[in-house]
Number of protein chains: 2
Amino acid sequence: MSENNKRTEIGDLGEFGLIDRLTKDVKIKHKTTAKGVGDDAAVFDYGGDEYTVLSTDILLEGIHFDLSFMPLQHLGYKAIAVNVSDIAAMNAIPEQVTVSIAVTNRFSVEAIEMIYEGINAACENYNVDLVGGDTTSSRQGLCISVTAVGRVKKDKISYRSGAKKGDILCVTGDLGGAYMGLQVLLREKTVFEANPKMQPNLDNYQYVAGRQLRPEARTDVIHELDELGVVPTSMIDVSDGVASEVLHICKASNVGAVVYEDKLPIDQDTFDVAHEFKIASKTPALNGGEDYELLFTIKQEDFSKLEKNANVFFIGYIDEAENGARLFTEGEQTLPLTAQGWKHF
Amino acid sequence: MSENNKRTEIGDLGEFGLIDRLTKDVKIKHKTTAKGVGDDAAVFDYGGDEYTVLSTDILLEGIHFDLSFMPLQHLGYKAIAVNVSDIAAMNAIPEQVTVSIAVTNRFSVEAIEMIYEGINAACENYNVDLVGGDTTSSRQGLCISVTAVGRVKKDKISYRSGAKKGDILCVTGDLGGAYMGLQVLLREKTVFEANPKMQPNLDNYQYVAGRQLRPEARTDVIHELDELGVVPTSMIDVSDGVASEVLHICKASNVGAVVYEDKLPIDQDTFDVAHEFKIASKTPALNGGEDYELLFTIKQEDFSKLEKNANVFFIGYIDEAENGARLFTEGEQTLPLTAQGWKHF
């Protein structure tokens, strides 16, 4: 590989900086492309009153999942759920998925069938059609790539870029559980590796382990918002931690935001596990990834429609851009909101 | 991994057998899904007079490409071209692509930019919009997943399943070059590994090496067929060798076929290189993969429209199913047509 001598490390730019750099000169040529790079999904306009939205994701063994504690069925389920979540984040209803799997020959047909059990269960649960399947070999590790396609009425699509000053920041469920689940699973793995006679005991960690191993996409909330006549002014799914996602909305919408630390929904189990790990539970709630809840903003006039909804938690509001994104802590301090997020590099 | 004790090797089923087994129970729930698993692309019907088609592919280092002789720009170009080729194989015009790349930290930002140079060149050349990009880390090796989307008028779509007895089998270009190119590149790699002072000399192998490293999708032919008013009765792209693709059409269309060995288009360079390697040039023409030409069938009445076309070669005809797929050899023997194809497992 000739690289013209200059070498910039990917870690210096970070994932988002890298994508910005790679796609900064992209020009759109087709009128069917309503939105390209920069949101949870690409948006296509084929005429009529609906948009088609498309999202794609790649999951790699050793990076996105660890087969020493991730059952194959759960992996298949999660691969579909995280892509469906991106479709939901556009306020769209998913309809189709394609799945490409690459495996080494250490995987048997039966093992791949277990992955497909999870894929089929997720397709059933999210009411999507599996319309393409491809299985190829890999030299090392398992790799799953999923593309999801959905539709949304044009006047109901939610981009990251639509938040306005005064809008209310909402999230669809409790945060930080998936991160604490991962910590528990990693700890049990270490114990098991040190002493294979010690069988992992997850009895007290069912909730957080489940949040990590079998997250759900919140398509239920998309249907609910539709029934209530609420169109989020902006939306994104919480894959990298809610702090990172709030910052994405602020950047795309050119606004600031205030997040109230004491409004972050945290499950009692997550709180207890964080306590056991000597971590303040607000940290995984803000910066733990993979909860796959939806973060969205609504107009103040829509507040009454959601006020009593068990699936919606109000965590802050949208402010002017010049005020930046801020965290209002339980100690009544105001701090800049920062994203650790998931840095795979 | 518990696998219920039973273990079937993937190699026992083969890639196509495995996909058949995994997707045999797939049920279609949405009226927008016009065609799911089983063709070059999935087909969506959003009303109107056009279909949307979607195809996805995953390319892995060490399986689908070898970075010791594959320049990064060419890799980016090829990743787009092979997906665009699947869209073309539906007689559709590609419009959008998304690209997910996973790399280890041995790749610099500049190296990834080189891949994107090729991606952007291909997007320019095939007139497609890059609408989604995702870059993540991998533990080992480079992995590229591309999804391509296109459109076609409903009365012009070509499935694998539409071939009828008496239709003429056509191919858009010479065959076997990509395979012989791969053999040359692998040989030069071996020479270089044995003695790093021996620089590879590809001067006499430009054509075949180019067929391997920088294949083109034949969207030009799709436009040409449209202008000539020819709609293929069936079509597939030649990724696994023309014998394998003829068998796919026969199976999907429930027909037989005759392929004339002496009609297979083979470039002089491919012929010469095959001779040098002591391989009968018909072998890579029939079974060598990755030429990315289009194999299609036309009604006899359309023959006169394509008879003098420099991009179309007539290699046989469609027969009754009970006669099977046969090869009529230069020695005037009739043999069953068999596919070695690309077996990655």
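First the proteins, then the strands, lettered A, B, ... as listed; each starts at 1.
By the 4.0 Å N-to-carboxylate-O rule, A:Asp129 lies too far from B:Lys35 to be salt-bridged with it. Salt bridge annotation for A:Glu61-A:Arg106: present, with a cationic side-chain nitrogen under 4.0 angstrom from a carboxylate oxygen. Salt bridge B:Asp49/B:Lys154: absent, no basic N to carboxylate O contact under 4.0 Å. A salt bridge does not link B:Glu245 to B:Arg160: none of the charged side-chain nitrogens sits closer than 4.0 Å to a carboxylate oxygen. Under the 4.0 Å criterion applied to side-chain N and carboxylate O atoms, B:Lys31 and B:Asp45 are not assigned as salt-bridge partners.
No hydrogens or angles considered: a donor-acceptor pair under 3.5 Å links the side chains of A:Glu110 and B:Thr8.
B:Val43 has its side chain within reach of B:Tyr159: a pair of non-hydrogen atoms, C-beta onward, lies under 4.5 Å apart.
Among the candidates B:Ile115, B:Thr23, B:Val128, the residue making the largest number of heavy-atom pairs closer than 4.5 Å to chain A is B:Val128. In terms of heavy-atom pairs under 4.5 Å with chain B, the best-connected choice from A:Val131, A:Thr147, A:Asn127 is A:Val131. Top candidate by heavy-atom pairs under 4.5 Å with chain B, chosen from A:Ala42, A:Gly48, A:Gly62, is A:Gly62. For the set A:Asp134, A:Thr33, A:Thr98, A:Val149, the count of heavy-atom pairs under 4.5 angstrom toward chain B peaks at A:Thr33.
Looking at residues two or more places apart in sequence or on another chain, you find no salt bridge (Lys or Arg N to Asp or Glu O under 4.0 Å) involving A:Asp12. In terms of the side-chain hydrogen bond (donor to acceptor under 3.5 Å, both in side chains) criterion, residue partners of A:Glu95 (sequence neighbours excluded) are, by chain and number, A:Arg151, B:Thr32. Under the side chain to side chain contact (heavy atoms under 4.5 Å, CB included) criterion, A:Lys156 pairs with A:Asn91, A:Val152, A:Lys153, A:Asp226, A:Val231, sequence neighbours left out.
For chain A, the nearby part of B:Gln140 is the side chain; its heavy atoms alone come within less than 4.5 Å. With a 4.5 Å cut-off on non-hydrogen atoms, B:Val99 does not touch chain A at all. Only the side chain of A:Ile19 comes within contact range of chain B, with at least one heavy atom under 4.5 Å from a heavy atom of that chain. Contact of B:Leu22 with chain A is made through backbone and side chain together, with heavy-atom distances under 4.5 Å. B:Glu9 touches chain A through backbone and side chain together, each having a heavy atom under 4.5 Å away. For B:Leu130, the parts lying under 4.5 angstrom from a heavy atom of chain A are both the backbone and the side chain.
Contacts between residues 50-59 of chain A and chain B, counted as heavy-atom pairs separated by less than 4.5 Å, involve A:Thr52, A:Leu54, A:Thr56, A:Asp57, A:Ile58.
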Working for salt bridge (charged side-chain N to carboxylate O under 4.0 Å, His left out), residues B:Glu290 and B:Lys78: CA-CA 10 Å; B:Glu290 300 203 274; B:Lys78 184 169 176 174; 3.0 Å; yes
